[in-house]
Student: 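Okay, here's the structure, questions in a sec.
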Amino acid sequence: VQLQASGGGLVQAGDSLTLSCSTSERAISGYHVAWFRQAPGKGREFVAAIRRSGDIPYYADYVKGRFTISRRNARNTVYLQMNSLKPEETAVYFCAASTTASYGSSYYNTGIYGYWGKGTQVTVSS
């Protein structure tokens, strides 16, 4: 499945932004989907994930309470609503898809994701 991340941009600290991850050729409903981010000079880190059923979201502690992941399978899209953004959250944000059966215990692991989008840049100015 080919994923396309969009919605990034330049915002000020405290602002909100919503990212979208979409696919056009296969139903995204068949995949668990996650968001990761990578800042310059750093490794890729987990942000949020959602099961293909849409019933259970997962969040990294550092975004819990500020970010919300959701999906609209009818639109083949997964969203990441980001509120109260901080300058240190400046990064390229990637969405990724997985079909692993053990998702509940491995959602934060980049290795289980076989499909990645190209990423969208989020820049938060202070």
Side-chain angles (χ1 to χ4, degrees):
V1 60
Q2 290 190 345
L3 303 172
Q4 184 153 16
S6 62
L10 172 63
V11 297
Q12 293 186 333
D15 283 353
S16 298
L17 205 57
T18 299
L19 305 183
S20 299
C21 176
S22 61
T23 177
S24 58
E25 83 282 8
R26 289 191 189 181
I28 206 168
S29 59
Y31 300 86
H32 311 300
V33 177
W35 288 94
F36 290 81
R37 65 190 181 191
Q38 187 165 16
K42 295 189 176 181
R44 196 164 293 190
E45 66 177 8
F46 170 73
V47 176
I50 190 165
R51 299 181 69 90
R52 54 188 163 200
S53 60
D55 57 346
I56 301 177
Y58 304 96
Y59 298 98
D61 287 344
Y62 36 81
V63 305
K64 203 172 290 184
R66 297 185 298 118
F67 289 16
T68 302
I69 189 170
S70 61
R71 63 191 303 156
R72 287 195 177 182
N73 288 336
R75 294 186 179 182
N76 268 342
T77 304
V78 172
Y79 303 96
L80 183 67
Q81 170 71 39
M82 306 185 293
N83 298 328
S84 302
L85 281 161
K86 305 174 182 179
E88 56 265 37
E89 295 180 309
T90 293
V92 177
Y93 284 69
F94 299 89
C95 60
S98 171
T99 58
T100 185
S102 59
Y103 196 65
S105 59
S106 58
Y107 57 87
Y108 50 84
N109 184 348
T110 58
I112 69 164
Y113 295 92
Y115 309 95
W116 290 83
K118 287 189 177 180
T120 184
Q121 176 70 47
V122 173
T123 302
V124 186
S125 64
S126 57

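Values reported hereafter were calculated over all heavy atoms of this structure, with side chains retained and with hydrogens, waters and symmetry mates removed.
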Student: Pick from Phe46, Phe36, Trp35, Tyr113: which one makes a ring pair (Phe, Tyr, Trp, His ring centres under 6.0 Å) with Tyr107?
Tutor: Phe46
Student: Considering residues at least two apart in sequence or located in another chain, which fulfil the side chain to side chain donor-acceptor pair (under 3.5 Å) criterion with Asn83?
Tutor: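 Listed in chain order: Ser16, Gln81.
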Student: If you apply the rule side chain to side chain contact (heavy atoms under 4.5 Å, CB included), what do you find for Val11 with Thr123, and how did you get there?
Tutor: CA-CA 6 Å; Val11 297; Thr123 302; over 6 Å; no
Student: Give me each pair satisfying salt bridge (charged side-chain N to carboxylate O under 4.0 Å, His left out) with a member in residues 89-114, each pair once, sequence neighbours excluded.
Tutor: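 Checked against salt bridge (charged side-chain N to carboxylate O under 4.0 Å, His left out) - neighbours excluded - the pairs reaching residues 89-114 are Arg37-Glu89, Arg66-Glu89.
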Student: At what distance, to the nearest 0.5 angstrom, does CH2 of Trp116 lie from OG of Ser98?
Tutor: 10.0 Å
Student: For Gly119 and Val92, work out which heavy atoms get closest and say how close.
Tutor: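 Closest approach of Gly119 to Val92: CA-CG1, 3.8 Å.
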Student: Is there a side-chain contact between Ile69 and Tyr79 (heavy atoms, below 4.5 Å)?
Tutor: no
Student: Quick one: does Leu85's side chain get under 4.5 Å of Gln12's, heavy atoms only?
Tutor: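 SC-SC contact between Leu85 and Gln12 ruled out.
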Student: Can you find a heavy atom in the side chain of Arg51 that is under 4.5 Å from one in the side chain of Tyr31?
Tutor: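 No - every pair of side-chain heavy atoms lies 4.5 Å or more apart.
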Student: Would you tabulate the side-chain donor-acceptor contacts of residues 2-10 under 3.5 Å, counting partners in other chains and residues two or more places apart, or write 'none'?
Tutor:
none

Student: Please give me the minimum heavy-atom distance between Thr100 and Ser106, naming the atom from each residue.
Tutor: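 Smallest interatomic distance, heavy atoms only, reads CG2-OG, 4.2 Å.
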Student: If you define the side chain from C-beta out and look only at heavy atoms, does anything of Ile28 sit under 4.5 Å from Val78?
Tutor: yes
Student: What is the minimum heavy-atom distance between Ala97 and Val1, and which atoms define it?
Tutor: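 Heavy atoms of Ala97 and Val1 come nearest at CB-CG1, 4.3 Å.
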Student: Are Ser20 and Thr77 packed together at the side-chain level, in the sense that at least one heavy-atom pair is separated by less than 4.5 angstrom?
Tutor: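 Result yes, sub-4.5 Å side-chain heavy-atom pair found.
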Student: A side-chain contact here means heavy atoms from C-beta on lying under 4.5 Å apart; do Thr18 and Leu80 qualify?
Tutor: no
Student: I want to check something: taking the side chain as every heavy atom from C-beta on, are Tyr103 and Arg52 in contact at a cut-off of under 4.5 Å?
Tutor: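 Counting from C-beta outward, Tyr103 and Arg52 never come under 4.5 Å.
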Student: Going by heavy atoms in the side chains, are Thr120 and Leu19 under 4.5 Å from each other?
Tutor: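 With C-beta onward as the side chain, the pair touches.
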Student: With Ser105, which residues qualify under side-chain contact (heavy atoms from CB on, under 4.5 Å), at least two apart?
Tutor: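 Checked Ser105 against side-chain contact (heavy atoms from CB on, under 4.5 Å); matches are Ser102.
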Student: Grab the two heavy atoms, one from Lys64 and one from Tyr59, that are nearest each other, plus how far apart they are.
Tutor: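 Between these two residues, the closest heavy atoms are CE-O, 3.8 Å.
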Student: Can you sort out the partners of Phe94 under ring pair (Phe, Tyr, Trp, His ring centres under 6.0 Å), two or more places apart, ordered by chain and number?
Tutor: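 Here no residue qualifies.
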Student: Hey, any chance Ile112 and Ile56 share a hydrophobic cluster, counting ILVMFWY side chains that come within less than 4.5 Å of each other, even indirectly?
Tutor: yes
Student: Listing request: all salt bridge (charged side-chain N to carboxylate O under 4.0 Å, His left out) pairs with a residue in residues 70-87, at least two apart in sequence or in separate chains.
Tutor: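 Sorted result for residues 70-87: empty, none.
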Student: Testing the basics here: between Pro87 and Ser126, what is the closest heavy-atom pair and its distance to 0.1 Å?
Tutor: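 Minimum heavy-atom contact is CG-CB, 3.8 Å.
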